[in-house]
Number of protein chains: 2
Amino acid sequence: MAVLDERRPLYEIKANLFKGLAHPHRIRVLEILSAADEASVAEMLTATGLEASHLSQHLAVLRRYGLVVSERRASVVYYRLAHPQISELLRVARVLLGEILADTDSQRDLVAGLPTIPDAR
Amino acid sequence: MAVLDERRPLYEIKANLFKGLAHPHRIRVLEILSAADEASVAEMLTATGLEASHLSQHLAVLRRYGLVVSERRASVVYYRLAHPQISELLRVARVLLGEILADTDSQRDLVAGLPTIPDAR
DNA sequence: TGCTGAATTGATGTAATCATCATATCAGGG
DNA sequence: CCCTGATATGATGATTACATCAATTCAGCA
(Lines give C-alpha, C1' and ligand atoms only; values in the text may rest on other atoms or scores of the structure.)
Protein backbone atom coordinates (compact mmCIF):
# COMPACT_ATOMS: atom_id res chain seq x y z
CA MET A 1 0.00 0.00 0.00
CA ALA A 2 2.84 2.39 0.70
CA VAL A 3 0.86 5.55 1.09
CA LEU A 4 -1.92 5.04 3.61
CA ASP A 5 0.31 2.65 5.52
CA GLU A 6 -0.61 2.17 9.15
CA ARG A 7 2.93 1.27 10.08
CA ARG A 8 4.13 4.85 9.63
CA PRO A 9 3.89 7.63 12.19
CA LEU A 10 0.45 9.16 12.18
CA TYR A 11 1.55 12.60 11.07
CA GLU A 12 3.16 11.08 8.03
CA ILE A 13 0.01 9.16 7.13
CA LYS A 14 -1.96 12.32 7.58
CA ALA A 15 0.42 14.30 5.38
CA ASN A 16 0.00 11.64 2.71
CA LEU A 17 -3.74 11.93 2.87
CA PHE A 18 -3.48 15.66 2.29
CA LYS A 19 -0.94 15.15 -0.44
CA GLY A 20 -3.45 13.03 -2.31
CA LEU A 21 -5.93 15.88 -2.01
CA ALA A 22 -3.44 18.57 -2.98
CA HIS A 23 -4.39 19.19 -6.58
CA PRO A 24 -7.36 21.05 -8.06
CA HIS A 25 -8.18 18.34 -10.60
CA ARG A 26 -8.18 15.71 -7.91
CA ILE A 27 -10.42 17.82 -5.72
CA ARG A 28 -12.84 18.13 -8.61
CA VAL A 29 -12.84 14.39 -9.17
CA LEU A 30 -13.39 13.67 -5.50
CA GLU A 31 -16.25 16.13 -5.36
CA ILE A 32 -17.85 14.55 -8.38
CA LEU A 33 -17.57 11.20 -6.64
CA SER A 34 -18.90 12.67 -3.41
CA ALA A 35 -21.98 13.89 -5.19
CA ALA A 36 -22.56 11.00 -7.56
CA ASP A 37 -21.41 8.09 -5.44
CA GLU A 38 -20.04 6.48 -8.58
CA ALA A 39 -18.91 7.79 -11.94
CA SER A 40 -17.40 6.39 -15.09
CA VAL A 41 -14.22 7.81 -16.53
CA ALA A 42 -16.24 9.04 -19.50
CA GLU A 43 -18.59 10.94 -17.23
CA MET A 44 -15.70 12.53 -15.38
CA LEU A 45 -14.10 13.42 -18.67
CA THR A 46 -17.06 15.47 -19.79
CA ALA A 47 -17.62 16.88 -16.30
CA THR A 48 -14.07 18.11 -15.95
CA GLY A 49 -13.16 18.81 -19.55
CA LEU A 50 -9.78 17.19 -19.01
CA GLU A 51 -7.88 15.24 -21.62
CA ALA A 52 -8.28 11.49 -21.13
CA SER A 53 -4.73 10.62 -20.25
CA HIS A 54 -4.45 13.58 -17.95
CA LEU A 55 -7.51 12.54 -16.00
CA SER A 56 -6.27 8.98 -15.95
CA GLN A 57 -3.01 10.04 -14.36
CA HIS A 58 -4.77 11.86 -11.59
CA LEU A 59 -7.05 8.89 -11.07
CA ALA A 60 -3.93 6.78 -10.77
CA VAL A 61 -2.62 9.10 -8.08
CA LEU A 62 -5.92 8.88 -6.22
CA ARG A 63 -5.79 5.10 -6.44
CA ARG A 64 -2.20 5.07 -5.29
CA TYR A 65 -3.13 7.15 -2.27
CA GLY A 66 -6.01 4.81 -1.53
CA LEU A 67 -8.62 7.53 -1.94
CA VAL A 68 -10.67 5.92 -4.68
CA VAL A 69 -11.37 2.44 -5.96
CA SER A 70 -12.26 1.44 -9.48
CA GLU A 71 -14.21 -1.36 -11.04
CA ARG A 72 -14.50 -2.35 -14.64
CA ARG A 73 -17.94 -3.32 -15.94
CA ALA A 74 -17.85 -4.28 -19.58
CA SER A 75 -15.59 -1.76 -21.22
CA VAL A 76 -16.40 1.07 -18.83
CA VAL A 77 -14.43 1.77 -15.64
CA TYR A 78 -16.34 3.14 -12.69
CA TYR A 79 -14.79 4.98 -9.78
CA ARG A 80 -15.99 5.35 -6.25
CA LEU A 81 -14.58 6.93 -3.10
CA ALA A 82 -12.61 4.33 -1.21
CA HIS A 83 -14.17 5.55 2.05
CA PRO A 84 -17.35 7.51 2.55
CA GLN A 85 -15.51 9.54 5.18
CA ILE A 86 -13.52 11.24 2.46
CA SER A 87 -16.55 13.14 1.30
CA GLU A 88 -17.09 14.13 4.92
CA LEU A 89 -13.56 15.51 5.06
CA LEU A 90 -14.16 17.52 1.92
CA ARG A 91 -17.38 18.81 3.37
CA VAL A 92 -15.62 19.98 6.52
CA ALA A 93 -12.87 21.57 4.46
CA ARG A 94 -15.47 23.41 2.41
CA VAL A 95 -17.22 24.75 5.48
CA LEU A 96 -13.98 25.79 7.14
CA LEU A 97 -12.77 27.48 4.01
CA GLY A 98 -16.03 29.33 3.86
CA GLU A 99 -15.44 30.67 7.35
CA ILE A 100 -11.81 31.41 6.68
CA LEU A 101 -12.55 33.29 3.52
CA ALA A 102 -15.34 35.19 5.27
CA ASP A 103 -12.81 36.21 7.93
CA THR A 104 -10.45 37.17 5.20
CA ASP A 105 -12.93 39.57 3.71
CA SER A 106 -13.11 41.59 6.88
CA GLN A 107 -9.50 41.28 7.96
CA ARG A 108 -8.03 40.82 4.56
CA ASP A 109 -4.48 41.91 5.14
CA LEU A 110 -4.21 40.42 8.57
CA VAL A 111 -4.55 37.07 6.91
CA ALA A 112 -2.53 38.07 3.90
CA GLY A 113 0.62 37.52 5.91
CA LEU A 114 1.99 40.85 4.81
CA PRO A 115 1.61 42.99 7.92
CA THR A 116 2.14 40.27 10.51
CA ILE A 117 5.56 39.35 9.24
CA PRO A 118 8.02 42.22 8.78
CA ASP A 119 9.20 41.04 5.42
CA ALA A 120 6.92 38.55 3.81
CA ARG A 121 8.42 37.67 0.50
CA MET B 1 -2.12 36.67 -0.56
CA ALA B 2 -1.81 34.41 -3.59
CA VAL B 3 -2.53 31.09 -1.96
CA LEU B 4 -5.77 31.34 -0.03
CA ASP B 5 -7.09 33.76 -2.60
CA GLU B 6 -10.84 34.05 -2.72
CA ARG B 7 -10.82 35.13 -6.32
CA ARG B 8 -9.85 31.65 -7.53
CA PRO B 9 -12.20 28.75 -8.17
CA LEU B 10 -13.07 27.02 -4.93
CA TYR B 11 -11.51 23.69 -5.80
CA GLU B 12 -8.24 25.43 -6.42
CA ILE B 13 -8.36 27.21 -3.08
CA LYS B 14 -9.16 23.92 -1.43
CA ALA B 15 -6.29 22.18 -3.17
CA ASN B 16 -3.98 24.91 -1.90
CA LEU B 17 -5.17 24.43 1.61
CA PHE B 18 -4.35 20.73 1.38
CA LYS B 19 -1.04 21.51 -0.25
CA GLY B 20 -0.07 23.53 2.78
CA LEU B 21 -0.91 20.54 4.94
CA ALA B 22 0.87 18.04 2.74
CA HIS B 23 4.06 17.52 4.67
CA PRO B 24 4.75 15.55 7.85
CA HIS B 25 6.80 18.31 9.47
CA ARG B 26 4.08 20.84 8.80
CA ILE B 27 1.46 18.53 10.23
CA ARG B 28 3.56 18.19 13.37
CA VAL B 29 3.91 21.94 13.67
CA LEU B 30 0.20 22.48 13.20
CA GLU B 31 -0.62 19.87 15.77
CA ILE B 32 1.74 21.47 18.24
CA LEU B 33 -0.03 24.75 17.61
CA SER B 34 -3.42 23.09 17.90
CA ALA B 35 -2.52 21.79 21.31
CA ALA B 36 -0.57 24.73 22.64
CA ASP B 37 -2.43 27.62 21.05
CA GLU B 38 0.87 29.42 20.70
CA ALA B 39 4.50 28.30 20.52
CA SER B 40 7.88 29.90 20.04
CA VAL B 41 10.23 28.72 17.36
CA ALA B 42 12.57 27.51 20.08
CA GLU B 43 9.82 25.38 21.62
CA MET B 44 8.96 23.89 18.26
CA LEU B 45 12.61 23.21 17.63
CA THR B 46 12.93 21.03 20.69
CA ALA B 47 9.50 19.48 20.19
CA THR B 48 10.24 18.42 16.64
CA GLY B 49 13.98 17.90 16.76
CA LEU B 50 14.34 19.68 13.43
CA GLU B 51 17.26 21.82 12.44
CA ALA B 52 16.50 25.53 12.82
CA SER B 53 16.61 26.57 9.20
CA HIS B 54 14.64 23.52 8.18
CA LEU B 55 11.86 24.32 10.59
CA SER B 56 11.98 27.94 9.51
CA GLN B 57 11.43 26.99 5.91
CA HIS B 58 8.36 24.98 6.74
CA LEU B 59 7.08 27.80 8.89
CA ALA B 60 7.56 30.07 5.92
CA VAL B 61 5.47 27.71 3.81
CA LEU B 62 2.74 27.69 6.44
CA ARG B 63 2.80 31.48 6.53
CA ARG B 64 2.71 31.66 2.77
CA TYR B 65 -0.35 29.41 2.72
CA GLY B 66 -1.99 31.56 5.36
CA LEU B 67 -2.20 28.72 7.85
CA VAL B 68 -0.24 30.33 10.67
CA VAL B 69 0.58 33.81 11.84
CA SER B 70 3.65 34.90 13.74
CA GLU B 71 4.45 37.64 16.17
CA ARG B 72 7.80 38.75 17.50
CA ARG B 73 8.04 39.60 21.18
CA ALA B 74 11.54 40.68 22.12
CA SER B 75 13.85 38.34 20.29
CA VAL B 76 11.48 35.40 20.33
CA VAL B 77 9.00 34.70 17.53
CA TYR B 78 5.70 33.10 18.46
CA TYR B 79 3.45 31.24 16.07
CA ARG B 80 -0.26 30.67 16.22
CA LEU B 81 -2.81 29.05 13.91
CA ALA B 82 -4.21 31.68 11.59
CA HIS B 83 -7.69 30.24 12.10
CA PRO B 84 -8.97 28.07 14.94
CA GLN B 85 -10.85 26.04 12.34
CA ILE B 86 -7.61 24.57 11.14
CA SER B 87 -7.24 22.56 14.29
CA GLU B 88 -10.80 21.39 13.72
CA LEU B 89 -9.86 20.21 10.25
CA LEU B 90 -6.92 18.29 11.64
CA ARG B 91 -9.15 16.77 14.27
CA VAL B 92 -11.61 15.58 11.63
CA ALA B 93 -8.77 14.22 9.53
CA ARG B 94 -7.46 12.34 12.53
CA VAL B 95 -10.82 10.79 13.27
CA LEU B 96 -11.43 9.85 9.67
CA LEU B 97 -7.99 8.35 9.32
CA GLY B 98 -8.66 6.34 12.43
CA GLU B 99 -11.76 4.88 10.81
CA ILE B 100 -10.06 4.37 7.50
CA LEU B 101 -7.12 2.57 9.02
CA ALA B 102 -9.46 0.46 11.10
CA ASP B 103 -11.21 -0.55 7.87
CA THR B 104 -7.87 -1.21 6.35
CA ASP B 105 -6.96 -3.69 9.03
CA SER B 106 -9.87 -5.89 8.14
CA GLN B 107 -9.87 -5.35 4.40
CA ARG B 108 -6.23 -4.56 4.00
CA ASP B 109 -5.75 -5.34 0.34
CA LEU B 110 -9.02 -3.86 -0.77
CA VAL B 111 -7.55 -0.53 0.20
CA ALA B 112 -4.12 -1.38 -1.07
CA GLY B 113 -5.33 -0.76 -4.59
CA LEU B 114 -3.72 -3.98 -5.76
CA PRO B 115 -6.66 -6.31 -6.31
CA THR B 116 -9.20 -3.72 -7.45
CA ILE B 117 -7.14 -2.60 -10.40
CA PRO B 118 -5.85 -5.36 -12.72
CA ASP B 119 -2.36 -3.99 -12.89
CA ALA B 120 -1.57 -1.54 -10.19
CA ARG B 121 1.94 -0.35 -10.77
C1' DT C 1 -9.28 -12.36 -36.05
C1' DG C 2 -9.12 -7.81 -36.78
C1' DC C 3 -11.63 -3.08 -35.52
C1' DT C 4 -13.21 0.23 -32.52
C1' DG C 5 -14.02 2.81 -28.34
C1' DA C 6 -12.63 3.18 -23.56
C1' DA C 7 -9.07 3.74 -20.45
C1' DT C 8 -4.33 3.26 -18.94
C1' DT C 9 0.60 3.45 -19.33
C1' DG C 10 5.14 5.17 -20.81
C1' DA C 11 8.40 8.66 -22.18
C1' DT C 12 9.82 13.20 -22.04
C1' DG C 13 10.57 17.93 -20.60
C1' DT C 14 9.62 21.31 -17.19
C1' DA C 15 8.49 23.06 -12.88
C1' DA C 16 7.83 22.68 -7.94
C1' DT C 17 9.24 20.82 -3.52
C1' DC C 18 12.52 19.28 -0.21
C1' DA C 19 16.95 18.95 2.43
C1' DT C 20 21.27 20.91 3.50
C1' DC C 21 24.40 24.35 4.39
C1' DA C 22 26.03 28.98 4.49
C1' DT C 23 24.84 33.62 5.17
C1' DA C 24 21.99 37.38 6.81
C1' DT C 25 18.83 39.97 9.94
C1' DC C 26 17.24 41.48 14.24
C1' DA C 27 16.92 42.56 19.30
C1' DG C 28 19.02 43.01 23.54
C1' DG C 29 23.09 42.90 26.72
C1' DG C 30 27.78 44.02 27.54
C1' DC D 1 28.84 49.84 19.05
C1' DC D 2 29.78 45.08 18.73
C1' DC D 3 28.52 40.38 20.29
C1' DT D 4 25.46 36.72 20.97
C1' DG D 5 21.33 34.06 20.63
C1' DA D 6 17.25 33.62 17.96
C1' DT D 7 15.25 33.29 13.62
C1' DA D 8 14.96 33.86 8.66
C1' DT D 9 16.68 33.90 3.92
C1' DG D 10 19.40 32.33 -0.17
C1' DA D 11 21.75 29.07 -3.08
C1' DT D 12 22.44 24.48 -4.44
C1' DG D 13 21.46 19.80 -5.78
C1' DA D 14 18.26 15.89 -5.49
C1' DT D 15 13.79 14.18 -5.75
C1' DT D 16 9.13 14.26 -6.94
C1' DA D 17 5.02 16.15 -9.29
C1' DC D 18 2.85 17.92 -13.48
C1' DA D 19 1.56 18.33 -18.43
C1' DT D 20 1.76 16.64 -23.01
C1' DC D 21 1.80 13.30 -26.46
C1' DA D 22 2.49 8.69 -28.25
C1' DA D 23 1.80 3.90 -27.57
C1' DT D 24 -0.63 0.11 -25.28
C1' DT D 25 -4.20 -2.85 -23.22
C1' DC D 26 -8.72 -4.58 -22.95
C1' DA D 27 -13.56 -5.81 -24.03
C1' DG D 28 -16.90 -6.42 -27.26
C1' DC D 29 -18.47 -6.66 -31.94
C1' DA D 30 -18.22 -7.18 -37.08
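Note that the structure is predicted; figures quoted are calculated from it, not measured. Computed from heavy atoms alone, side chains included, the values below leave out hydrogens, waters and symmetry copies. Throughout, protein chains are lettered first and strands after them, A, B, ... in sequence-line order, and every chain is numbered starting at 1.
Between the side chain of B:Ser53 and the base of C:dC21 there is at least one donor-acceptor pair of N/O atoms closer than 3.5 Å.
In this model, the phosphate group of C:dT17 is not approached by any side-chain N or O of B:Arg64 to a distance below 4.0 Å at OP1 or OP2. Taking 4.0 angstrom as the limit, A:His25 places none of its side-chain polar atoms (N or O) nearer than this to OP1 or OP2 of D:dA17. Phosphate contact (OP1/OP2 of D:dA6, side-chain N/O of B:Tyr78, threshold under 4.0 Å): absent.
Judged by distance alone, with hydrogens and angles left aside, the side-chain atoms of B:Arg80 form no donor-acceptor pair with the main-chain N or O of B:Leu33 at under 3.5 Å. With hydrogens and angles disregarded, no donor-acceptor distance shorter than 3.5 Å links the side chain of B:Arg28 to the backbone of B:His23.
Rounded to whole angstrom, the span from the CG atom of B:Leu21 across to the C1' atom of C:dC18 amounts to 17 Å. The CG-P distance, from B:Leu45 to D:dA6, rounds to 10 Å in whole Å. Remark: C1' of D:dT7 and CE of B:Met44 are 11 Å apart, rounded to the nearest angstrom. Here C:dT17 presents its P atom at 12 Å from NE2 of B:His23, a figure rounded to the nearest Å. Nucleotide C:dT17 holds its C1' atom 18 Å from the CZ atom of A:Phe18, rounded to whole Å. When the C1' atom of C:dT9 is taken as reference, atom CG of A:Leu59 falls 13 Å away, rounded to whole Å. Rounded to an integer number of Å, the gap from B:Glu71 CD to C:dA27 P is 14 Å. Going from atom CD of B:Glu51 over to atom P of D:dA6 covers 15 Å, rounded to whole Å.
Side chain of B:Tyr65, nearest nucleotide from C:dT17, D:dA8, C:dT8: C:dT17. In the set D:dA19, C:dG28, C:dT9, C:dT9 carries the atom at the smallest distance from any side-chain atom of A:Ser56. For B:Tyr79, the listed nucleotide lying nearest its side chain is D:dA8; candidates were D:dC18, D:dA8, C:dA19. Closest approach to the A:Lys19 side chain among D:dT7, D:dA17, C:dG28 is made by D:dA17 (side chain taken as heavy atoms from C-beta onward). Distance from the side chain of A:His54 is smallest to D:dA19 among D:dA19, D:dT7, C:dA7.
Between A:Glu88 and A:Arg91, at least one side-chain N (NZ, or NE/NH1/NH2) sits under 4.0 Å from a carboxylate O, which counts as a salt bridge. One finds a salt bridge joining B:Glu71 and B:Arg73 here, because a Lys/Arg side-chain nitrogen approaches an Asp/Glu carboxylate oxygen to under 4.0 Å.
Across all strands, A:Arg26 comes closer than 4.0 Å only to sugar-phosphate atoms, never to a base (heavy-atom distances).
Rounding to the nearest 0.5 Å gives a distance of 9.5 Å between NZ of B:Lys19 and CZ of B:Arg64. With values rounded to the nearest 0.5 angstrom, A:Ile86 atom CD1 is found 12.5 Å from A:Glu31 atom CD. To the nearest 0.5 Å, the span separating CG on A:Asn16 from OH on A:Tyr11 amounts to 12.5 Å.
Donor-acceptor pairing under 3.5 Å is lacking for the side chains of B:Tyr78 and B:Arg72.
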Please list each protein N or O that sits under 3.5 Å from an N or O in nucleotides 11-14 of chain D, with the distance.
none

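Across residues 31-42 of chain A, A:Val41, A:Ala42 each have a non-hydrogen atom less than 4.0 Å from an atom of DNA chain C (numbered order).
Each of B:Arg63, B:Glu43, B:Glu38 was scored for a side-chain hydrogen bond (donor to acceptor under 3.5 Å, both in side chains) with B:Tyr79, with one residue passing: B:Arg63.
Comparing A:Val61 and A:Arg73 by the nucleotide of DNA chain D whose heavy atom lies nearest to each, the residue mapping closer to the 5' end is A:Val61.
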Kindly determine whether B:Leu89 and A:Leu89 satisfy side-chain contact (heavy atoms from CB on, under 4.5 Å), including the steps that lead there.
-> CA-CA 8 Å; B:Leu89 181 61; A:Leu89 181 60; 3.9 Å; yes

